[in-house]
Amino acid sequence: MGTIITVTSGKGGVGKSTTTANLAVGLANLGQKVVAIDFDIGLRNLDMILGLENRIVYDVVDVMEGRCNLSQALINDKKAKNLYFLPASQTKDKDILQRDKVKELLTALKESFDIVLIDSPAGIESGFEHSIFLADRALIVSTPDVSSVRDADRVIGIIDAKSEKAKNGEEVEKHIIINRIKPEMVEAGNMLSIDDVLNILALPLIGVVPDDEHIITATNTGVPVIYKENVQAAESYRRIARRILGEEIEFVNIKAKKGLFGALKGIFR
Amino acid sequence: MSFFERIFGKKQSSAGIAKDRLTIMLAHERVDCKLPYLDDLRNDLIAVIKKYTSVDDVKITSHSNKSIDMLEVEIVLGKQ
């Protein structure tokens, strides 16, 4: 039985899809059988980040409405053979997903995959609710700025309220990913540090990804940055993937030593 | 913050300001989240108080520490 992990944030544009794509590849390269699902109905993006946009025939709504079967809609990644991708539908109606259909689909995927990685839409509307309600774990992506942290806090507050796991008395395991940190700005006191964000959100850290131009070029070409060697952001993603599987590894040293040391203490606590 | 800035009491770093603003904002929002009935409670209280006085507003503040969550209801009667 696989694990459902939802990548979410509240605020849009903080790097959810990029995170999902890179972690999907990372986990697949660690030998996990992974399926990445884009739940951002109407604003499909994960396909381009994974470089699979030309291979889409059917999407998640086609599967749910029975226009095709699951195996027809699943796209096998070009490079990571353990990775499959289920694209969002580009229909205008973003509220088209139905709870029982979502449940049916996710239950079926859980049977045949080790990890079901869901890219949640921004916001706290029905799309978000569908992507969280069967989640075993949630990765909350936040950039170190006031709007993103505020929205992350709000989302953290409602995850358990919307989750089936919480209804059964269990808790959704939650971790923070701090994205796009600029160590020079943190050191100059002009950006919230890792410690600042963690103190406010009061959840354990699972990864810090530096602001890195390689991510933009990777998205341009449709080859996730995690494949690159000697790139800080790629190393960050590789380590997050291993931490998701329970390994305890050091955080990438992104210059801001003090902040990272605190973060390190946080996770080994 | 540099040594000189500290000496001359120059302005706080922008990250520090961000942190303070967020902490205050979230303290408020989390209470709203935890006590969704607050508005209804306030309206009910006002209805009762109006029966006996001419007051038409109450101030409800919430406090919490490690061991207890508390609501403080303040009714200002004014001077007759």
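Everything numeric here is computed off the predicted structure, so don't read it as measured data. A note on names: the letters A, B, ... follow the listed sequences, proteins ahead of strands, and every chain is numbered from 1.
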Got more than 12 heavy atoms from elsewhere within 6.0 Å of [atom1], [X]?
X	atom1	answer
A:E213	CD	no
A:N220	CG	yes
B:R21	CZ	no
A:K228	NZ	yes
A:K11	NZ	yes
A:K182	NZ	no

Of all heavy-atom pairs linking B:S13 and A:G189, the shortest is CB-O, 3.1 Å
Heavy-atom closest pair, residues A:N190 and B:S14:
OD1-OG, 3.0 Å
Which residues in residues 144-153 of chain A have a heavy atom less than 4.5 Å from any heavy atom of chain B?
A:V146, A:V149, A:R150, A:D153
Mind checking the [atom1]-[atom2] spacing from [X] to [Y]? Nearest 0.5 Å is all I need.
X	Y	atom1	atom2	result
A:I200	B:T23	CD1	OG1	4.5 Å
A:L192	B:L22	CG	CG	6.0 Å
B:L26	A:I156	CG	CD1	9.5 Å

For A:S126, all residues meeting side chain to side chain contact (heavy atoms under 4.5 Å, CB included), sequence neighbours excluded
A:D95, A:H130
